[in-house]
Amino acid sequence: MKCPYCGEENTKVIDSRPAEENNAIRRRRQCVKCKKRFTTYEKVETIPLIVIKKGNIREQYNREKIEAGILSSCHKRPVSYEQIVEAVEDVENAIFNMEQKEISSAVIGELVMERLKKLDQVAYVRFASVYREFKDVNTFMDELTKLLK
């Protein structure tokens, strides 16, 4: 870390403590050349994720959309709040572990369906029927047949 007073590149950390509700680290540093002290903050860098929707429309990633989809799929199902939160976190972790700056909504939808299939089969079929835009009963039955195999 370069000293803001004299430009010296050699500084030492004298004190470190959590800051911003444990989302950052505050460091007191001292320049080895001019002996002046200054404060720096260290945070995890977050890269904004862009979702590519149908028609190549781009929008910023929104966790609440995944939560809403999973919540509505699990409505009146024997799925606890903790299981829903865990499912959302699993999907979100899978998305961010891809380490991409842009991701298609289709990929996100498939990740949600994969996770719901493990959580509750009725919730899975509910989500799939909306996500895949089932046009008729035959499409719905095809999906159920795949699920039963």
Side-chain angles (χ1 to χ4, degrees), residues 1-4 8-30 37-149:
M1 178 66 60
K2 208 181 244 189
C3 174
E8 173 66 30
E9 290 187 16
N10 195 6
T11 62
K12 64 180 178 180
V13 175
I14 332 174
D15 182 45
S16 291
R17 62 181 66 172
E20 297 177 21
E21 298 176 357
N22 284 330
N23 291 319
I25 304 254
R26 175 188 175 274
R27 299 200 194 280
R28 284 297 288 161
R29 295 179 178 269
Q30 184 174 29
R37 293 182 177 188
F38 57 98
T39 303
T40 60
Y41 290 88
E42 182 180 317
K43 289 178 129 162
V44 172
E45 181 180 27
T46 55
I47 300 166
L49 179 64
I50 302 299
V51 177
I52 306 168
K53 301 183 67 101
K54 289 180 184 173
N56 262 349
I57 298 169
R58 286 169 163 70
E59 65 179 44
Q60 193 164 356
Y61 169 78
N62 185 348
R63 176 188 171 109
E64 285 78 33
K65 289 188 176 185
I66 294 171
E67 289 174 353
I70 291 176
L71 271 170
S72 64
S73 298
C74 294
H75 183 66
K76 293 190 177 182
R77 295 297 305 147
V79 179
S80 71
Y81 175 75
E82 288 79 20
Q83 289 173 303
I84 291 170
V85 168
E86 185 179 321
V88 172
E89 287 174 356
D90 287 350
V91 170
E92 191 171 61
N93 286 338
I95 291 167
F96 285 106
N97 284 339
M98 291 177 183
E99 296 181 356
Q100 297 177 357
K101 293 178 183 172
E102 293 186 335
I103 187 168
S104 114
S105 60
V107 171
I108 295 173
E110 292 297 326
L111 288 169
V112 171
M113 285 194 300
E114 190 178 300
R115 186 58 177 85
L116 282 174
K117 193 184 282 188
K118 294 175 192 169
L119 182 63
D120 184 88
Q121 291 183 341
V122 171
Y124 163 76
V125 172
R126 285 178 178 171
F127 186 88
S129 69
V130 173
Y131 175 72
R132 292 203 172 129
E133 299 173 348
F134 291 169
K135 302 289 185 226
D136 55 28
V137 175
N138 290 331
T139 315
F140 193 80
M141 290 305 294
D142 290 343
E143 191 64 36
L144 287 176
T145 305
K146 281 189 234 170
L147 185 62
L148 292 172
K149 287 183 181 177

Legend entry - Candidate pair I108 and E110, rule side-chain contact (heavy atoms from CB on, under 4.5 Å), full reasoning: CA-CA 5 Å; I108 295 173; E110 292 297 326; over 6 Å; no

Close side-chain approach of [X] and [Y], heavy atoms under 4.5 Å:
X: V91; Y: E114; value: no
X: M98; Y: L111; value: yes
X: R77; Y: L119; value: no
X: M1; Y: E42; value: no

Inset, instruction - Answer yes or no: is there an ion pair linking R115 with E92, defined by an N-O contact shorter than 4.0 Å? - result: no

Measure the spacing between [atom1] of [X] and [atom2] of [Y] and express it to the nearest 0.5 Å.
X: R28; Y: R37; atom1: CZ; atom2: CZ; result: 6.5 Å
X: Y61; Y: S105; atom1: OH; atom2: OG; result: 13.0 Å
X: I103; Y: F96; atom1: CD1; atom2: CZ; result: 9.0 Å
X: K12; Y: Q30; atom1: NZ; atom2: CD; result: 5.0 Å
X: D15; Y: T39; atom1: CG; atom2: OG1; result: 9.0 Å
X: I84; Y: L71; atom1: CD1; atom2: CG; result: 5.0 Å

Residue pair [X] / [Y]: nearest heavy atoms and the distance that separates them:
X: T40; Y: R29; value: OG1-NE, 3.2 Å
X: I50; Y: Q60; value: CD1-CA, 4.3 Å
X: A19; Y: Y41; value: CB-CE2, 4.0 Å
X: E67; Y: R63; value: OE2-NE, 2.9 Å
X: V51; Y: S104; value: CG1-C, 4.5 Å

Inset, instruction - Under the ring-ring contact (aromatic ring centres under 6.0 Å, His included) rule, collect the residues that match up with F127, sequence neighbours excluded. - result: Y131

Inset, instruction - Step through the shown structure and confirm whether more than 12 heavy atoms of other residues, nucleotides or ligands are within 6.0 Å of CD on E64. - result: yes

Legend entry - Within 6.0 angstrom of R17 CZ, more than 12 heavy atoms from elsewhere: no

Legend entry - Flag, side chain of N22 to backbone of P18, donor-acceptor distance under 3.5 Å: no

Inset, instruction - Say whether, by atom type as modelled, one donor and one acceptor occur between the side chain of R126 and the main chain of H75 under 3.5 angstrom. - result: yes

